[in-house]
Amino acid sequence: MLMIHNVNILTMNKEEENFNGFLTVEGNVFSEVKKGTPPQELIDQMDDVMDGNNKWLMPGLVNTHGHLGSSLLRGAGDDMPLMEWLEKVMWPNEGRFDKETVSIAAQVAMMEMIRSGTTTFLDMYHLHMDDMAELVLEKGMRAVLCRGMIGLSSEEEQEQKIQESVDLFHNYHGTGNGRVSVAMSPHAPYTCPPPFLQKVASAAVEHGMMIHTHLAETRGEVERHVKEYGKRPVAHLEELGIFNQPCLIAHGVHLNEDEIQILKKHHVAVSHNPISNLKLGSGIAPIPGMISAGLTIGIGTDSSASNNNLDMFEEMRMAALLHKGVHESPSVTNSEEILAMATHQGAKALRIKNVGKIEAGFKADFILIDAEQPHLTPANESTMQSHLVYSAKGSDVTDVFIDGIAQYSHRTLLKFDEEKILYQANHLAKNFV
Ligand SMILES: [Zn+2]
């Protein structure tokens, strides 16, 4: 058993919030989380005891949308709108990615995520997802994996893509002690014709799979959809059965109030990706409206080709600030809501149970932060929540535990040969753009 004591804990549990205390981990779950100092007889039962002096402890961050395989395209094609960027930069380069490129790109992304405190992520990618699942199992992270499907292809190819998603689900869903889950992922309404979306929906129902898709990311996408099909994409997806299964949409930038209500009716969750939406000039999602409607909202970075980093602290800060400016009101979002989105609400959006709080019985996914720094001063129990949203950075993370196991210790990655992977990544990246 592991104990961490003498540490300021942000529980994300509404009743107890944050306090100085200790916690114990038994197997992959928290067994005790308490205020004050632990009794000596409990300390004596431990295999490992860590002093958390000058540290803050909080749930590991949950990144609800990304594309790890495209990490080597970071910095390629900046300052372009979504469709031009996809058609001129992303798709032609990705068409030349081999197995090694995708694996190295995914490892670069995982290293960056762990280093900045992310313990759970969603990955939508169309290449080598079996290898991705093996990497997640080996490296100890928690993930929802989706074989991203573009339906602009022959019926045989469409069937094959759905079959690959179903196979991934049967081979990996629930593996790694439940760390890996698998969802069905049509890329977007503008890349998936309605008959294909119907097939996807029925396969998801048949196999009991969650659905994840990009939706209403740009104004142009919505306008083209209306022109082509005579209806807006949210109503269309509802009609095609996409919302009959647990569903998570990425972006939801161009949603009106009726559409937010449709999402609410079907318990569709939203991944809010503010930085990617800003960088691609897509717009700003109506998050305060979604909060008022009671939608489940998580935060996501999207890929490092449109962000351009995977630091969830930056994403939280942006999500917290952006809507205040747009609405000219500082109270439309607050640090508690934003932290919830980046932790237990994100886990809920991914349909992962018992993740995102520091509470007995929850999965022991947590991070430690070095609070002894000028930008986190004054550091105490009452400033911790504010600093974590408005001032902290991913580089403040010192230790990361996932499912009760240390993956990052004293700022060192335990399961990656970082120097080697970065060398390979730089070498392989020369082949692209
Ligand atoms: Zn995306």
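Side-chain atoms are counted along with the backbone in the values below, which use heavy atoms only and exclude waters and symmetry mates. Both counts, for ligands and for their atoms, begin at 1 and track the order of listing.
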Self-check item: Residue-atom pairs from the protein, N, O or S only, that lie under 2.8 Å from the Zn ion (ligand 1)
Solution: His65 NE2, His67 NE2, His214 NE2, Asp302 OD1

Quiz prompt | Arg411, CZ atom: more than 12 neighbouring heavy atoms under 6.0 Å | solution = yes

Quiz item: Going through the distances and angles, do Lys393 and Asp311 end up as a salt bridge (charged side-chain N to carboxylate O under 4.0 Å, His left out)?
Solution: CA-CA 8 Å; Lys393 304 166 198 308; Asp311 183 345; over 6 Å; no

Exercise. Please work out whether the ring planes of His214 and His251 are parallel, tilted or perpendicular, with thresholds of 30° and 60°.
Key: parallel

Exercise. Mind jotting down which residue pairs meet the side chain to side chain donor-acceptor pair (under 3.5 Å) criterion with at least one end in residues 418-433? Sequence neighbours excluded, please.
Key: Arg115-Glu418

Quiz item: Glu238 pairs by salt bridge (charged side-chain N to carboxylate O under 4.0 Å, His left out) with which of Lys265, Arg232, Lys231?
Solution: Lys265

Quiz item: Mind checking whether Tyr229 and His236 have ring centres under 6.0 Å apart?
Solution: yes

